[in-house]
Each structure stands twice: as C-alpha cells, then as structure tokens.
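Step one of this worksheet: look at the structure below.
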Amino acid sequence: MTDQNTGQLIESFVGALRPLVPLVSVRAHGALAGGDHRPGRSDLDLIAVVDRPCTEAERQQLGEVHRNLARAIPSRRSCIAAVPWSPAGQN
C-alpha cells in the first residue's frame, strides 16, 4: 500500500512513459515491492517493461522523465530502468 503522494508520483511516471515507449507494464522493486516503503523517506525503484529495446532517442527521453521527476520531488531518490519484455524461453 502506498501513500497518496507516492501513488500520484507513480501515476505521473506511468503517464509520462506511455507516449514515449511501447509500455507493457511497470514493476515496483525494492522497499515498495517488499512492503517496507516509508513515504517521504524511501526511494522509488520502478522498472518499466517495454515491448522492445529502446532506441537511443527513447533512452534520452526516459532520462528527461527521470530528471523531471527528480526536480518535482527533490527529496526522493528514484531509479528508472526500461527493460525489454521477452516471453519465457525467447531472447
């Protein structure tokens, strides 16, 4: 369970990614996924699973999304990774 501010930040993150990359899902990692998240104190580790490897332009845009989120909430650390989705058994 997340607090309202964390939920809004995650929604902003997903909303910013949707027009940039072929998003499959967003996964939480770290304290948020493990249930140890402390609102206003814990960092946010989010993994964007995308339909294919990102282009260099998309990587740059993802970096800008990360910088914008960091500026919006400077007290929070965050980690953004875009990982290509692959069905089990395929590379």
Side-chain angles (χ1 to χ4, degrees):
M1 184 65 116
T2 63
D3 65 299
Q4 184 176 2
N5 290 335
T6 301
Q8 289 174 345
L9 182 59
I10 294 169
E11 287 178 22
S12 293
F13 172 69
V14 172
L17 291 185
R18 283 192 194 281
L20 300 180
V21 293
L23 194 60
V24 173
S25 66
V26 173
R27 307 275 174 104
H29 186 67
L32 186 61
D36 296 328
H37 179 76
R38 296 187 336 193
R41 187 156 169 83
S42 296
D43 62 348
L44 294 176
D45 300 312
L46 302 172
I47 301 169
V49 181
V50 295
D51 195 17
R52 56 169 172 68
C54 292
T55 66
E56 184 57 36
E58 289 167 336
R59 284 190 188 106
Q60 291 176 5
Q61 291 174 316
L62 290 170
E64 187 61 29
V65 167
H66 187 262
R67 286 186 291 278
N68 288 341
L69 289 174
R71 281 192 288 271
I73 306 178
S75 64
R76 295 246 180 127
R77 294 169 294 162
S78 61
C79 173
I80 297 176
V83 180
W85 176 81
S86 177
Q90 293 184 11
N91 293 331

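Start at 1 with the first residue, then count along the sequence. Keep in mind that this is a model prediction, so the values were computed, not measured.
- In this view, Q8 satisfies the side-chain hydrogen bond (donor to acceptor under 3.5 Å, both in side chains) rule with no residue, not counting sequence neighbours.
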Next item on the list: Could you walk me through whether V65 and L20 pass side-chain contact (heavy atoms from CB on, under 4.5 Å), step by step?
Entry: CA-CA 10 Å; V65 167; L20 300 180; 3.5 Å; yes
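- Going from atom CZ of F13 over to atom CG of L62 covers 7.5 Å, rounded to the nearest 0.5 Å.
- Every side chain to side chain contact (heavy atoms under 4.5 Å, CB included) that E58 has, sequence neighbours left out, goes to V21, P22, R52, C54, T55, Q61.
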Item checked: From CA spacing to verdict: side-chain contact (heavy atoms from CB on, under 4.5 Å), L46, H29 -> CA-CA 6 Å; L46 302 172; H29 186 67; over 6 Å; no
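- Interatomic distance, CG of D51 versus CG of L23, reported as 10.0 Å (0.5 Å rounding).
- When every heavy atom of A28 is checked against every heavy atom of A33, the shortest pair comes out as O-CB, 3.3 Å.
- In terms of the side chain to side chain contact (heavy atoms under 4.5 Å, CB included) criterion, E11 has no residue partners (sequence neighbours excluded).
- Scored by the salt bridge (Lys or Arg N to Asp or Glu O under 4.0 Å) test, R18 finds no partners at all (sequence neighbours excluded).
- Counting only heavy atoms from C-beta outward, the side chains of D45 and L32 never approach each other to under 4.5 Å.
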